[in-house]
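Below: one structure, written as structure tokens.
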Amino acid sequence: MKRRGFLKTTCLAAAALAAPGLLRAATDRTLRIGTITPASHFWTQTMERVGVSLAERSGGAFETQIFPSGQLGNEAAMIQQLQTGGLDMGFLTVAEFSNRLDDMAALFTPYLVPDVARASQLLTGPTATAMLDQFTSLGMKGLGFGLGGMRHLISRDPVTSSADLAGRKYRITPFAPLRDFYELMDVAPTPIPLPGLFDALANGQVDGADIDLELAWNLNLYNQAPHLTVTNQMMFPVVAVVSGSYWAGLDDSEKEMLSSTVSGEIDWLFARYMEFEPTWLDNLRGSGMTVTEASPDFFGETLNRWHEIWDARAPSIAALRAEA
Ligand code: BEZ
């Protein structure tokens with residue numbers, strides 16, 4: 001296994017003898033980072049930037065290897081690897097973690113924030129920051145929440161209200177709060193991995209998808225599902241987590257360097273979504289898509305009924321709503 005490069009030169013070896021943190025770090029592994037998204041996606045680019053920035057700030061001491069596109073398996077497999085020490089860091093959907101930590105569902109509360117700017121404030125605010133402590137129960141250190149844009153609907157057929165969705169099949173990312181959201185509308189929520197979504201829309205396996213603008217544009221979904229309902233119904237957060245064993249092997253200054261580097265690059269990620277969401281929307285309009293703006297009324301009673309299920313299961317909903 002590749003090791004960090006602290007002792008590669010005599011000069012650094014001498015420095016290590018003078019600094020216990022450096023000496024201990026010489027036995028640590030390279031920081032191996034896994035993510036489900038492809039190289040072109042902003043989440044993967046964020047992790048690439050973490051690697052570059054860590055190498056610069058540490059004078060080459062931190063080496064990183066990025067494994068994009070689910071090369072190490074799906075997110076459930078990566079979470080397991082983080083727990084057994086096979087993976088050091090993940091940039092993973094909060095959706096997958098909400099299957100293990102009910103309270104993470106709070107970050108999918110419908111209409112918590114209206115847009116990516118407010119989402120980025122909430123995801124770096126005191127409530128979300130305190131929620132990061134919950135990852136210790138899974139044997140991980142939560143470093144920070146990021147974002148994958150706001151969620152909307154794309155459909156093969158026109159849609160004017162959520163009543164039109166009843167009886168249809170919509171692609172969802174499989175996690176309980178979102179499944180409930182669609183089932184409350186009598187929609188059949190259908191889990192389709194992103195690489196299969198274009199074909200699933202093309203062959204009618206699903207009638208539409210719960211999606212963000214980045215993917216609707218970059219996966220060319222507009223031809224297969226030409227009706228976009230701009231709902232901004234939820235955030236789609238991502239979280240940077242480090243395995244407990246990797247974290248325990250760092251000294252305080254290394255922990256600070258890793259945390260602050262990740263936070264800085266997550267700020268870069270937020271800025272990308274603020275910059276690009278209007279462009280993706282323009283591009284989708286330009287593709288000939290029918291674009292309809294929808295208010296929360298679009299979902300009618302579904303919103304209250306969702307809260308009846310999730311307010312008790314995800315106690316952070318109250319604090320997030322108050323802060324938002
Ligand atoms: C999704 O399942 O929709 C998704 C997964 C990873 C990044 C962004 C979106």
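One-based numbering, in listed order, for ligands and for the atoms of each. Just so you know, residue 1 is the first one in the sequence shown, and it goes up from there. Quick caveat: nothing in here was measured; it's all calculated off a predicted structure.
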- Using 4.0 Å as the upper bound for N to carboxylate O, is an ion pair formed by E308 and R305?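 No, R305 and E308 are not salt-bridged.
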- Item | Whether F42 and W280 hold their rings parallel, tilted or perpendicular, with breakpoints at 30° and 60° |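 Answer is tilted, since the angle falls between 30° and 60°.
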- Parallel, tilted or perpendicular, as decided by the 30° and 60° cut-offs, for the rings of F236 and W43: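 Aromatic pair W43/F236 classed parallel.
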Just distance, no hydrogens or angles: give the donor-acceptor pairs under 3.5 Å from side chains in residues 176-185, sequence neighbours left out.
residue	atom	partner	partner atom	Å
D180	OD2	W310	NE1	2.8
Y182	OH	D210	OD2	2.6
Y182	OH	Q233	NE2	3.3

- Message: Using every non-hydrogen atom in the two residues, find where V116 and G149 come nearest and quote the distance to one decimal.
- Response: CG1-CA, 3.9 Å
- Return the minimal non-hydrogen interatomic distance between L303 and P296, and the atom names on each side. CD1-O, 3.7 Å
So what's ligand 1 close to, N/O to N/O, under 3.5 Å?
residue	atom	partner	partner atom	Å
ligand 1	2 (O)	R171	NH2	2.9
ligand 1	2 (O)	T173	OG1	2.8
ligand 1	3 (O)	R151	NH1	3.2
ligand 1	3 (O)	R151	NH2	3.0
ligand 1	3 (O)	R171	NH1	3.0
ligand 1	3 (O)	T173	OG1	3.3

